[in-house]
Novice: 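To start, I am sharing the structure in question, which I have written as structure tokens.
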Amino acid sequence: MVERTLAIIKPDAVKKRVIGNVIQRYEAAGLYPVAMKMMSLSQPIAEGFYAVHRERSFFHDLTAFMSSGPSVVLVLEGENAIQANRDLMGATDPQKAESGTIRAAHGASIEANAVHGSDSPETAGFEIGYFFPGMDLQAGC
Ligand code: IDP
Ligand code: MG
């Protein structure tokens with residue numbers, strides 16, 4: 001099924017100058033950008049985005065990191081895009097990520113792990129709407 005997912009190239013990857021490399025990996029995996037913008041997330045915007053993690057010990061550090069510089073926020077479209085992007089990203093901890101994944105290539109730590117990807121249709125719907133209001137989770141609109 002063709003679906004959409006929300007991806008973020010995080011501030012660490014932007015600083016490392018690997019935006020182009022990451023987008024190349026998306027395209028090579030059949031995940032095509034259908035919306036994209038570069039933006040600096042404020043801490044409140046990062047807090048709203050990661051609200052599901054607000055009780056976690058790392059929440060403050062995570063939202064400070066996410067607002068430490070510009071990110072690239074994208075909607076990717078492709079066959080089983082949500083799971084396909086999770087596979088392409090690799091494990092949250094780059095040291096545990098399979099070789100060939102984006103996080104194995106570019107992640108520095110469990111926090112500064114280069115990319116975000118939605119983890120379910122429910123979160124993809126919320127996350128796409130959060131950054132691209134009015135844009136549908138479903139392809140073809
Ligand atoms: P995911 O990005 O692989 O879906 P989540 O568990 O949803 O991982 O965590 C969201 C983000 O929070 C991670 O990508 C990472 O940046 C950060 N994070 C997760 N676990 C830790 C931790 O134990 N310490 C610090 N940051 C963490
Ligand atoms: Mg997650």
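Just follow the structure's listing: the first ligand is 1, and inside any ligand the first atom is 1. Atoms considered below: every heavy atom in the structure, side chains included; atoms not considered: hydrogens, waters and symmetry mates.
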Novice: Can I110 be said to touch ligand 1, with heavy atoms closer than 4.0 Å?
Specialist: yes
Novice: Under 4.0 Å from a heavy atom of R86: give me the atoms of ligand 1 that qualify, with their elements.
Specialist: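 Ligand 1 atoms under the 4.0 Å threshold to R86: 1 (P), 3 (O), 4 (O).
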Novice: For N113, take its heavy atoms, then give the atoms of ligand 1 lying under 4.0 Å from any of them.
Specialist: 13 (C), 14 (O), 15 (C), 16 (O)
Novice: H106 and side chain to side chain donor-acceptor pair (under 3.5 Å): which single residue from N21, T101, D12 fits?
Specialist: N21
Novice: Would E122 and E127 satisfy side-chain contact (heavy atoms from CB on, under 4.5 Å), going step by step from the backbone distance to the final call?
Specialist: CA-CA 9 Å; E122 292 69 33; E127 291 174 359; over 6 Å; no
Novice: Among the clusters formed by ILVMFWY side chains lying less than 4.5 Å apart, do L31 and M135 turn up in the same one?
Specialist: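 Different clusters.
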Novice: Could you tell me whether Y50 and ligand 1 have an N or O pair separated by under 3.5 Å?
Specialist: no
Novice: Could you name the option among L62, I8, D12, T92 that has the heavy atom nearest to atom 8 (O) of ligand 1?
Specialist: T92
Novice: Please work out which of F65, F58, F59, F49 has its closest non-hydrogen atom nearest to atom 25 (C) of ligand 1.
Specialist: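 Checking each option, the heavy atom nearest atom 25 (C) of ligand 1 is found in F58.
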Novice: Using the ring of each side chain (for Trp, its six-membered ring), is H116 parallel, tilted or perpendicular to F49, with breaks at 30° and 60°?
Specialist: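 Answer is perpendicular, since the angle exceeds 60°.
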Novice: Touching ligand 1 at all, R56? Heavy atoms, strictly under 4.0 Å?
Specialist: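 It does not; every heavy atom stays at 4.0 Å or beyond.
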Novice: For ligand 1, which is the ligand I care about here, please tell me if H116 has any N or O atom under 3.5 Å from one of the ligand's N or O atoms.
Specialist: no
Novice: Among M66, H53, R103, which residue places a heavy atom closest to atom 5 (P) of ligand 1?
Specialist: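 Ranked by closest heavy atom to atom 5 (P) of ligand 1, first place is H53.
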Novice: Hey, what do you get for CG (D119) to CG (N85), rounding to the nearest 0.5 Å?
Specialist: 11.0 Å
Novice: Give a yes or no on whether F65 and F59 share a hydrophobic cluster (residues Ile, Leu, Val, Met, Phe, Trp, Tyr; joining criterion: side-chain heavy atoms under 4.5 Å apart).
Specialist: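 Linked within one cluster.
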Novice: Starting at CG of D93, measure out to CG of N113 and round the result to the nearest 0.5 Å.
Specialist: 8.5 Å
Novice: So, 4.0 Å and heavy atoms of M89: is ligand 1 close enough to count as a contact?
Specialist: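 Contact check M89 vs ligand 1: negative.
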Novice: Quick test: of every protein heavy atom, which one is nearest to atom 16 (O) of ligand 1, and how far off is it to 0.1 Å?
Specialist: E111 O, 2.8 Å
Novice: Can you get from F131 to Y50 by hopping between Ile, Leu, Val, Met, Phe, Trp and Tyr side chains that sit under 4.5 Å apart?
Specialist: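 In one cluster: yes.
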